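Quick caveat, the model's predicted, so the values are computed rather than measured.
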Amino acid sequence: MVVLASFQPPTEGIRHQEPNTIARVKSRDLGKGTLYIAESQLTWVGESGQGFSLKYPTISLHAVSRDLNSFPSECLYLMTDADLESNDTIEEQNGENEEPEDSKILEIRFIPENTETLDSMFKAMMDCQALYPDPDDSSSEVKKRKKSVNDIEA
């Protein structure tokens with residue numbers, strides 16, 4: 001069971017807003033709502049005002065899925081380790097320094113009514129997720145070092 005809470009949509013740093021988007025968590029259709037891809041987090045708010053939010057460090061993968069053999073609709077596909085099945089607060093679910101006790105991956109699909117926006121949704125997510133580099137990713141560390149060296153040489 002996915003626990004939804006009352007949410008106010010983000011007001012700052014919104015890179016993409018997609019109305020009429022169905023959220024599907026695991027095999028549960030949560031209905032239509034608006035997807036907000038903001039710099040601070042990804043938020044989906046249903047027509048009832050109930051929704052959920054994910055911090056970018058909890059999203060391990062995002063992709064555009066167009067394979068109608070694997071899923072009947074084109075969608076923005078996510079894998080996350082956020083716990084959307086508990087009553088914890090968003091801060092607890094998305095704690096930056098906390099490791100989940102039972103790290104299980106959750107699949108989420110966002111199915112926009114207008115599938116022509118999928119590429120711009122993906123790009124907005126990519127740009128926002130880049131604001132939160134993985135501290136364990138050595139390639140991110142190499143990029144930081146290169147930038148530091150270039151700053152010194154300039």
Rounded to the nearest 0.5 Å, what separates atom [atom1] in [X] from atom [atom2] in [Y]?
X: Thr80; Y: Asp83; atom1: OG1; atom2: CG; result: 9.5 Å
X: Tyr36; Y: Trp44; atom1: OH; atom2: CH2; result: 11.0 Å
X: Glu18; Y: Ser120; atom1: CD; atom2: OG; result: 6.5 Å
X: Phe110; Y: Thr34; atom1: CZ; atom2: OG1; result: 11.5 Å
X: Cys75; Y: Ile22; atom1: SG; atom2: CD1; result: 10.5 Å
X: Ile37; Y: Gln17; atom1: CD1; atom2: CD; result: 10.5 Å

Are [X] and [Y] within salt-bridge range, i.e. N to O under 4.0 Å?
X: Glu113; Y: Lys32; answer: yes
X: Lys123; Y: Asp119; answer: no
X: Arg109; Y: Asp29; answer: no
X: Arg15; Y: Glu39; answer: yes

Side-chain donor-acceptor contact under 3.5 Å, Glu74 with Ser65
no

Side chains of Tyr56 and Gln41, donor plus acceptor under 3.5 Å
no

If you take all heavy atoms of Ser60 and Ile105, which pair is closest and at what distance?
OG-CD1, 4.4 Å

Ignoring hydrogens, what is the shortest heavy-atom contact between Thr43 and Ser53? Give both atom names and the distance.
OG1-OG, 3.1 Å

Verify same cluster id: [X], [Y] (apolar side-chain graph, 4.5 Å):
X: Phe71; Y: Leu30; answer: no
X: Leu131; Y: Leu42; answer: yes
X: Met126; Y: Ile108; answer: yes
X: Leu84; Y: Ile59; answer: yes

Tell me which one of Leu61, Leu106, Leu54, Val25 satisfies side chain to side chain contact (heavy atoms under 4.5 Å, CB included) with Leu78.
Leu54

Met121 and side chain to side chain contact (heavy atoms under 4.5 Å, CB included): which single residue from Thr115, Val64, Leu35 fits?
Leu35

Are His62 and Phe122 close enough that their ring centers fall under 6.0 Å?
yes

Asn114 vs Asn20, test: side-chain contact (heavy atoms from CB on, under 4.5 Å). Steps then yes/no.
CA-CA 8 Å; Asn114 179 6; Asn20 301 315; over 6 Å; no

